[in-house]
> 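Below you'll find the structure I mean.
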Amino acid sequence: MADLPLNSSSDASHQSSTEHPSLEHFWMPFTANRQFKTNPRLLTKAEGMYYTDIDGNKVLDATAGLWCCNAGHGRKEISEAVSKQIKEMDYAPSFQMGHPIAFELAERLIELSPEGLNKVFFTNSGSESVDTALKMALCYHRANGQASRTRFIGREMGYHGVGFGGISVGGLSNNRKAFSGQLLQGVDHLPHTLDIQNAAFTRGLSHFGAEKAEILEQLVTLHGAENIAAVIVEPMSGSAGVILPPQGYLKRLREITKKHGILLIFDEVITAFGRVGAAFASQRWGVIPDIITTAKAINNGAIPMGAVFVQDFIHDTCMQGPNELIEFFHGYTYSGHPVAAAAALATLSIYENEQLFERSFELERYFEDAVHNLKGLPNVIDIRNTGLVAGIQFSPNAQGAGKRGYGVFEHCFRHGTLVRATGDIIAMSPPLIVDKREIDQMVNSLSDAINAVG
């Protein structure tokens, strides 16, 4: 791996390109607001693999924005499609009305989806996709004459957005504890699959931990299958720090849920659209769920949008009663928004024309070798990877959990590379257009930061 110089444009003497705005009024999400506003990181432009910050410095994007921009930044195909659509029709409702572009997008998406998931419900975010999927599960069981199936089973360390449904089935304590008195009732959690003791520095999926799926049988025994609506898991837990499924784990969950008539929901908000080396993680790892939630890279992060993919039998079972009555009392003002849909159609064409899903798979080994070269650096206790995503985990320092991870993140940014910190884990998930030189550059930047922070 070549030792590449850091971008010279990070020189602090660079002239400011944009006037700094007031930071007082924006209450920022998932941010230490007081810390940020003392030492802000502001991005003003993006093109290809790079952001430009407010002071004119180039910043290599090793995170695809926030797992979103799989086709890279500043794609003219997308901006032109958005411009054309907003001129023709800026908005149209989807309640008892329709517009052709949403139906066209649904058809294009189904061409990519796993077998049997032939219906699409549009949302505006991953959080909305998850709450939609949970409601669909309840709707299906009620329509199927099994209204007692109301319980959900999530997983420890799972992230399913920030709606009350999502944080209830999610398993990140910081997202739950302030709202614990108002979470959904009737929710259990499977154990997480992170096993540093036995599987540290595994390349790809580990051989340890598939037996953790058997805990689902214990929960069925405890609650009765007739009371469980669905199990929801991320095939790969991204927000928790790139936690991968052990070999055979997802397959075993599928076997147990089918055995007991429980729906299986895959939250692919992060993994869908090429991140793990296929259009969907479901396809990469050969396990077809009943429902898949998506968002983020569906339109390259251009405009808020999500989509829930559903097996035909779920949709068809819910189509009951007189034809003139609404079958599913759920939806959003912006479901299938025409401008967001135009961005998605342009994005899907980029993915296809440039074969970016295949590129993710082809670059996997090079990316794997590069990130595993970080093994042996100070306080690195694990490295995990698949497709074009990796997690590098550190031991916490004496000042407390998360301090080392934040220090590495901050050092990388100040020296021209954007990574993502989750506690003491750094996640790397570059746009799928990344080349080998850029992989080397981001890993070298991370290596320098790890050595500097100690």
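Below, each value reflects all heavy atoms present in this structure, side chains not excepted, and no hydrogens, waters or symmetry copies.
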> Under the side-chain hydrogen bond (donor to acceptor under 3.5 Å, both in side chains) rule, what do Y50 and N57 come out as? Steps first, then yes or no, please.
CA-CA 10 Å; Y50 287 87; N57 304 312; over 6 Å; no
> Which residues pass the salt bridge (Lys or Arg N to Asp or Glu O under 4.0 Å) test with K212, not counting sequence neighbours?
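Counting only residues at least two positions away or on another chain, K212 forms no salt bridge (Lys or Arg N to Asp or Glu O under 4.0 Å).
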> Under the ring pair (Phe, Tyr, Trp, His ring centres under 6.0 Å) rule, collect the residues that match up with Y332, sequence neighbours excluded.
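Once residues adjacent in sequence are excluded, the partners of Y332 under the ring pair (Phe, Tyr, Trp, His ring centres under 6.0 Å) criterion are H330.
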> Flag the pair E268 and R275 as a salt bridge only when some basic side-chain nitrogen lies within less than 4.0 angstrom of an acidic carboxylate oxygen.
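Result for this pair is no, no salt bridge flagged.
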> Closer than 4.0 angstrom, basic N to acidic O: yes or no for R254 and D290?
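Answer for the salt bridge query: yes.
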> Considering residues at least two apart in sequence or located in another chain, which fulfil the side-chain hydrogen bond (donor to acceptor under 3.5 Å, both in side chains) criterion with E217?
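For E217, the residues satisfying side-chain hydrogen bond (donor to acceptor under 3.5 Å, both in side chains) (neighbours in sequence not counted) are K259, H260.
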> Name all residues meeting the side-chain hydrogen bond (donor to acceptor under 3.5 Å, both in side chains) criterion together with E214; count only those two or more places apart in sequence or in a different chain, and write none if there are none.
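For E214 the side-chain hydrogen bond (donor to acceptor under 3.5 Å, both in side chains) partners, ignoring immediate neighbours, are R252.
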> Quickly, which of D267, N175, T293 forms a side chain to side chain donor-acceptor pair (under 3.5 Å) with H160? Name it, please.
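Only match with H160 under side chain to side chain donor-acceptor pair (under 3.5 Å): D267.
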> Residues in side-chain hydrogen bond (donor to acceptor under 3.5 Å, both in side chains) with N227, at least two apart?
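Once residues adjacent in sequence are excluded, N227 has no partner under the side-chain hydrogen bond (donor to acceptor under 3.5 Å, both in side chains) criterion.
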> I350 pairs by side chain to side chain contact (heavy atoms under 4.5 Å, CB included) with which of L432, I433, I78, N70?
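By the side chain to side chain contact (heavy atoms under 4.5 Å, CB included) criterion, I350 pairs with just one of L432, I433, I78, N70: I78.
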> Could you note down all residue pairs passing ring pair (Phe, Tyr, Trp, His ring centres under 6.0 Å) where residues 271-312 supplies at least one of them, sequence neighbours left out?
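The answer is F273-F280, F280-F309.
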> State which residues pass salt bridge (Lys or Arg N to Asp or Glu O under 4.0 Å) with R284; sequence neighbours excluded, sorted by chain then number.
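By the salt bridge (Lys or Arg N to Asp or Glu O under 4.0 Å) rule, R284 matches E364.
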> Under the rule for ring pair (Phe, Tyr, Trp, His ring centres under 6.0 Å), what residues qualify as partners of F266, not counting sequence neighbours?
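If we apply the ring pair (Phe, Tyr, Trp, His ring centres under 6.0 Å) test to F266, skipping adjacent residues, there are no hits.
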> Would you be so kind as to tabulate the donor-acceptor pairs closer than 3.5 Å made by side chains of residues 93-112, with sequence neighbours excluded?
| from | atom 1 | to | atom 2 | distance (Å) |
| --- | --- | --- | --- | --- |
| S94 | OG | S335 | O | 2.7 |
| H99 | NE2 | G336 | O | 2.7 |
| R108 | NH2 | S349 | OG | 3.3 |

> side-chain hydrogen bond (donor to acceptor under 3.5 Å, both in side chains) for T417 and S445? Distances and angles first, verdict last.
CA-CA 7 Å; T417 300; S445 179; 3.1 Å; yes
> Can you run down the ring pair (Phe, Tyr, Trp, His ring centres under 6.0 Å) pairs that involve residues 225-255, sequence neighbours left out, and say none if there aren't any?
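Of all non-adjacent pairs touching residues 225-255, none passes ring pair (Phe, Tyr, Trp, His ring centres under 6.0 Å).
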> Can S129 and T123 be said to form a side-chain hydrogen bond (donor to acceptor under 3.5 Å, both in side chains), step by step?
CA-CA 6 Å; S129 290; T123 69; 2.8 Å; yes
> Counting neighbours of CZ on R176 that are heavy atoms of other residues, nucleotides or ligands and sit closer than 6.0 Å, is the number greater than 12?
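Buried by this count: over 12 neighbours within 6.0 Å.
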> Taking only residues two or more places apart in sequence, or in another chain, which ones meet F26 in a ring pair (Phe, Tyr, Trp, His ring centres under 6.0 Å)?
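Expected list: none.
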> Salt bridge or not between K119 and D312? Use side-chain N to carboxylate O under 4.0 Å.
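Yes, this pair counts.
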> Compute the ring centroids of Y91 and H337, then answer whether they are less than 6.0 Å apart.
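Yes.
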> Can you list the residues that meet the ring pair (Phe, Tyr, Trp, His ring centres under 6.0 Å) rule with H141, with sequence neighbours excluded?
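Here no residue qualifies.
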